[in-house]
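Down below is the structure, laid out as structure tokens.
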Amino acid sequence: MALAGETTAAAITITLPDGAQRTFDRPVTGAELAADIGPGLAKAALAIRLEGAVKDLAHVIDADAEVSIVTARDADALELIRHDAAHILAEAVQELWPGTQITFGPATEDGFYYDFHRKEPFSPENFEQIEAKMAEIVDRNETITRHVWDRADAVAHFEKAGETFKAEWVGQLPDGEDISIYSQGDWLDLCVGPHLPSTGKLPKAFKLMKVAGAYWRGDPKNPQLQRIYGTAWRDPKELKAYLHRLEEAEKRDHRRLGRDMNLFHIQQEAVGSVFWHPHGWTLYRTVERYMRARLENADYVEVKTPQLIDRELWERSGHWEKFREHMFVAEVDESPSADMADHDVEHHDGTGGDNKKMLALKPMNCPAHVQIFRQGIKSYRDLPLRMAEFGSCHRYEPSGALHGIMRVRAFTQDDAHIFCTEDQINSESKIFCDLLIQIYKDFGFEDVLIKFADRPPVRAGDDATWDRAEEALRQAIEETGLPYEMNPGEGAFYGPKLEYVLRDAIGRDWQCGTLQVDFVLPERLDAKYVGEDGATHRPVMLHRAILGSFERFLGVLIEHYAGRLPMWLAPVQAMVATIVSDADDWATQVKQAAADAGLRVETDLRNEKINYKVREHSLAKIPALLVVGKREAEEGTVTIRRLGQKEQETLPLDAAIAALQQNAKPPISL
RNA sequence: GCCGCAAUAGCUCAGCUGGUAGAGCAACUGAUUUGUAAUCAGUAGGUCGGGGGUUCGAGUCCCUCUUGCGGCACCA
């Protein structure tokens with residue numbers, strides 16, 4: 001190995017992150033480079049980053065390059081650690097249960113998983129045993145080595161080993177791609193890497209979390225595998241912190257808060273539908289009032305359309321064909337029944353029997369809105385027509401999809417359809433984006449992920465129309481200056497769409513808002529208007545929602561704030577709590593005055609200590625506690641204690657109410 | 001829908017290898033009139049999710065249905 005500064009004919013120069021350069025007279029591995037820099041680094045080295053890409057420590061650097069050494073402190077280290085943890089999990093499982101097939105096991109955001117195929121189910125009770133075996137493999141410190149195999153050899157190897165999934169996978173790798181095999185001790189797996197140099201480098205800061213089913217290659221038609229999830233960190237302290245974070249996240253779960261705050265419940269006689277309690281419904285109505293105010297401001301008209309609509313309309317709209325399995329249907333027999341016939345003779349039409357009618361609960365509002373649009377003759381002067389509805393929809397969701405109030409079978413969309421000309425798509429989209437961002441901001445969501453979903457492989461409409469629609473939408477989103485990413489091929493079959501995604505407190509992404517361009521439905525349901533030229537034209541429909549559904553959005557909102565809603569949204573904005581019963585009268589007057597001022601306020605006159613009341617109302621997340629004791633009653637004051645703050649402020653009643661009104665002011669007058 | 005796990009008092013949970021249910025909080029009653037995150041005492045409350053089976057005996061073991069939870073798939 002050459003010293004820095006020395007040059008030879010075949011020298012390679014490696015530039016380190018600090019700009020320092022090292023020159024070698026022959027290709028070197030990452031490990032050799034680390035050793036050359038220093039023995040401490042050689043020991044800590046886990047991998048290298050070569051021109052930005054993470055590679056094994058054993059990777060040979062054979063040309064001038066920028067290289068850095070990845071150690072545990074590095075951001076990239078976590079992914080390496082987790083990917084190795086997945087492999088070590090797989091080795092442990094195969095050692096414990098020979099005959100189990102390995103398939104696939106990547107690192108994830110907070111950990112890793114590995115999918116196995118085995119007849120007998122794994123259960124969480126096995127975790128301790130598996131973790132012990134994993135620790136054993138770490139202690140063995142097996143060297144991890146990358147090999148490149150011939151494809152046929154690899155297929156033969158995996159078939160011989162009974163690894164049919166692996167064999168299938170290798171067989172389907174694209175031609176020309178290296179068949180990269182990693183071995184650790186006697187165990188090996190097909191994997192692109194990179195990996196740690198040996199199993200002993202895996203910190204003992206991993207934990208298996210859960211076992212779940214997963215389909216091979218994500219397709220329900222394929223066999224189901226058993227997925228074991230785990231988490232892995234740099235050290236036990238990080239692991240502990242992560243587990244603590246999970247506990248904290250659980251505390252803001254909207255299902256738990258919904259019960260604790262007495263907002264709603266769901267019970268088994270109405271699976272997927274919400275029973276809103278008084279406080280929850282107050283929150284709901286506040287959001288609804290706010291939305292109504294925003295829509296009125298934005299020149300929307302509001303409508304209300306039927307829940308039950310004849311199958312015939314759904315057939316015309318195409319929903320019966322595309323959406324049938326998600327629809328609740330009701331069959332009614334309109335012919336008089338035997339015991340009714342006597343009382344109902346006038347309806348007896350004598351046709352004898354088959355008067356069955358099939359109705360469906362609407363899963364969407366759009367066909368109904370077209371019906372309103374079609375009443376009377378529309379002119380180009382009527383466009384754009386923005387038709388909004390807080391539309392109650394029912395969809396038969398698969399049982400496994402249900403989740404609190406975030407994913408239900410009966411929900412209300414803040415739906416609207418903008419009937420416009422093709423030329424208006426751009427401006428309407430832009431206006432909509434602005435409105436949506438404003439509304440999200442009002443609710444405290446600053447970061448919104450926008451996805452542009454363009455034409456799917458199977459679609460309606462010709463390419464020229466798609467070109468125009470996508471271009472109009474793209475221009476609109478670009479003019480807003482908002483960042484967005486592409487979601488290729490994920491558009492609706494009738495048009496491209498923008499998806500607006502919020503991230504909740506537990507890190508889950510929820511798609512709430514949407515904007516979809518639709519050329520198909522106006523055609524199918526024969527919506528038309530008279531243009532400037534006197535001829536009949538088809539309007540374009542923009543389907544759009546901002547909250548998505550009230551149910552889901554309220555769930556997101558509750559989790560986002562961990563129940564501590566901004567005062568304008570809080571179901572109970574203030575609680576008047578007495579210290580002594582002598583203050584009851586004054587407390588009642590305080591409550592009345594606050595209520596007269598438009599505040600949502602309740603009293604707590606119970607014979608309990610103030611400590612008890614403070615605790616209880618704090619846990620109930622009530623933003624303001626108005627404490628009145630003997631002193632306040634005598635002076636005509638109240639003492640305000642705000643949620644989460646120990647400091648108190650005693651004010652004359654008028655001043656206190658004015659202050660609360662200020663805090664409770666909604667973003668737009670409701 | 002699929003895989004796994006679970007269901008015991010209003011809530012949170014205990015109940016070991018089968019021997020006819022227990023705690024804390026909440027509720028109710030009484031005492032206490034209290035100054036910023038749980039005052040004290042007492043009382044009541046459960047055909048152990050539904051159905052079936054094994055057993056002398058089932059909360060506990062088996063089957064089945066329902067619902068919930070975590071994933072997968074689906075998705076506002």
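Numbered from 1 within each chain, the chains take letters A, B, ... in sequence-line order.
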Practice task
Ignoring backbone atoms, test whether A:N611 places a side-chain nitrogen or oxygen under 4.0 Å from the OP1 or OP2 oxygen of B:rU36.
Solution key: no

Handout entry: Carboxylate-amine/guanidinium proximity below 4.0 Å for A:R285 and A:E288
Key = no

Exercise for the section: Please confirm whether any donor atom in the side chain of A:R407 sits under 3.5 Å from an acceptor in the base of B:rC75, or the reverse. Expected result: yes

Practice task
Write down the distance separating the P atoms in B:rC25 and B:rA38, rounded off to the nearest Å.
Solution key: 13 Å

Practice task
Using a 4.0 Å heavy-atom cut-off across all strands, classify A:L619 as base, sugar-phosphate, or nothing.
Solution key: base

Exercise for the section: Look at all strands and tell whether A:A214 reaches a base, only sugar-phosphate, or nothing, counting heavy atoms closer than 4.0 Å. Expected result: sugar-phosphate

Problem - Gap between atoms OH and P, on A:Y114 and B:rC72 respectively (whole Å) - result: 18 Å

Problem - Same-atom distance (C1') from B:rG50 to B:rG42, integer angstrom - result: 37 Å

Exercise for the section: Considering just the side-chain nitrogens and oxygens of A:R256, establish if one lies under 4.0 Å of OP1 or OP2 belonging to B:rU12. Expected result: no

Exercise for the section: Run the numbers on A:H254 and A:H403 for ring pair (Phe, Tyr, Trp, His ring centres under 6.0 Å), then give the verdict. Expected result: CA-CA 10 Å; A:H254 77 282; A:H403 177 86; 5.7 Å; yes

Handout entry: Touch class at under 4.0 angstrom, heavy-atom based, for A:R552 against every strand present
Key = base

Problem - Gap between atoms NE2 and P, on A:H117 and B:rG4 respectively (whole Å) - result: 13 Å

Fill in the blank from the handout: Checking N1-N3 plus N6-O4 or O6-N4 for Watson-Crick, or N1-O2 and O6-N3 for wobble, each under 3.5 Å, the partner of B:rA9 is none

Exercise for the section: Remember a base hit wins even if backbone is also touched, and classify A:E616 as base, sugar-phosphate or nothing at under 4.0 Å, heavy atoms. Expected result: nothing

Practice task
Name the nucleic acid region contacted by A:E397, choosing base, sugar-phosphate or nothing; use a 4.0 angstrom heavy-atom cut-off, strictly under.
Solution key: base

Handout entry: OP1 or OP2 of B:rG71 under 4.0 Å from side-chain N/O of A:H403
Key = no

Practice task
Could you check whether A:P398 gets within reach of a base, just the sugar-phosphate, or nothing at all, counting any heavy atom under 4.0 Å?
Solution key: base

Handout entry: Between B:rA23 and B:rA58 - P atom distance, rounded Å
Key = 24 Å

Handout entry: P gap between B:rG22 and B:rG59, integer Å
Key = 14 Å

Practice task
Determine: side-chain N/O of A:K609 to OP1/OP2 of B:rG35, distance under 4.0 Å, yes or no.
Solution key: no

Handout entry: A:Y612 side chain near B:rG35 phosphate (N/O to OP1/OP2, under 4.0 Å)
Key = no

Practice task
Send over the distance from A:K251 NZ to B:rU12 P, rounded to a whole Å.
Solution key: 15 Å

Problem - Euclidean distance for P, B:rG45 against B:rU17 (whole angstrom) - result: 30 Å

Exercise for the section: Taking only the side-chain nitrogens and oxygens of A:R259, find out if one of them lies under 4.0 Å from OP1 or OP2 of B:rU12. Expected result: yes

Exercise for the section: Could you measure between the two C1' atoms, the one in B:rA7 and the one in B:rU64, and give it in whole Å? Expected result: 16 Å

Completion exercise
Between CZ of A:F104 and P of B:rC72 the distance, given in whole Å, is 14 Å

Practice task
Look at all strands and tell whether A:V271 reaches a base, only sugar-phosphate, or nothing, counting heavy atoms closer than 4.0 Å.
Solution key: sugar-phosphate

Exercise for the section: State whether A:R255 places a side-chain N or O below 4.0 Å from either non-bridging phosphate oxygen (OP1 or OP2) of B:rC69. Expected result: yes

Kindly give the atom pairs (protein nitrogen or oxygen, nucleotide nitrogen or oxygen) under 3.5 Å for nucleotides 41-44 of chain B.
none

Problem - Ring center gap for A:F206 and A:F112 short of 6.0 angstrom - result: no

Exercise for the section: Measure the distance from CD on A:E649 to C1' on B:rU36 and round it to the nearest whole Å. Expected result: 15 Å

Practice task
Using the P atoms only, state how far B:rG49 lies from B:rU33, rounded to an integer number of Å.
Solution key: 45 Å

Exercise for the section: Kindly indicate whether the side chain of A:E325 and the base of B:rG1 share any N or O donor-acceptor pair separated by less than 3.5 Å? Expected result: no

Completion exercise
Pairing partner of B:rA41, by Watson-Crick or G-U wobble and under 3.5 Å for both distances, is B:rU29

Exercise for the section: Test for a donor-acceptor pair under 3.5 Å between the base of B:rG1 and the side chain of A:Y215, counting only N and O atoms. Expected result: yes

Problem - Below 4.0 Å: OP1/OP2 of B:rA37 and any side-chain N or O of A:R642 - result: no

Handout entry: Between B:rA76 (C1') and A:Y396 (OH): distance, integer Å
Key = 18 Å

Exercise for the section: Give a yes/no answer on whether the side chain of A:S123 brings an N or O atom under 4.0 Å of OP1 or OP2 in B:rG4. Expected result: no

Practice task
For A:K613 and B:rA26, give me the distance from atom NZ to atom P, rounded to whole Å.
Solution key: 15 Å

Completion exercise
note: A:L402, atom CG; B:rA76, atom C1'; distance rounded to Å ~ 13 Å

Handout entry: Side-chain-base donor-acceptor pair under 3.5 Å for A:Q268 and B:rA7
Key = no

Exercise for the section: Using a heavy-atom cut-off of under 4.0 Å over every strand shown, decide if A:Q226 touches base, sugar-phosphate, or nothing. Expected result: nothing

Exercise for the section: Using a strict 4.0 Å threshold on nitrogen-to-oxygen distance, state whether A:D253 and A:R255 make a salt bridge. Expected result: yes

Exercise for the section: Determine which nucleotide pairs with B:rG35, using a 3.5 Å limit on both distances of a Watson-Crick or G-U wobble pair. Expected result: none

Exercise for the section: For B:rG30 versus B:rU47, give the span between their P atoms, rounded off to a whole number of Å. Expected result: 27 Å

Practice task
Please indicate yes or no: is the ring centre of A:F411 less than 5.5 Å from the centre of the six-membered base ring of B:rA76, with the two planes inclined by under 30 degrees?
Solution key: yes

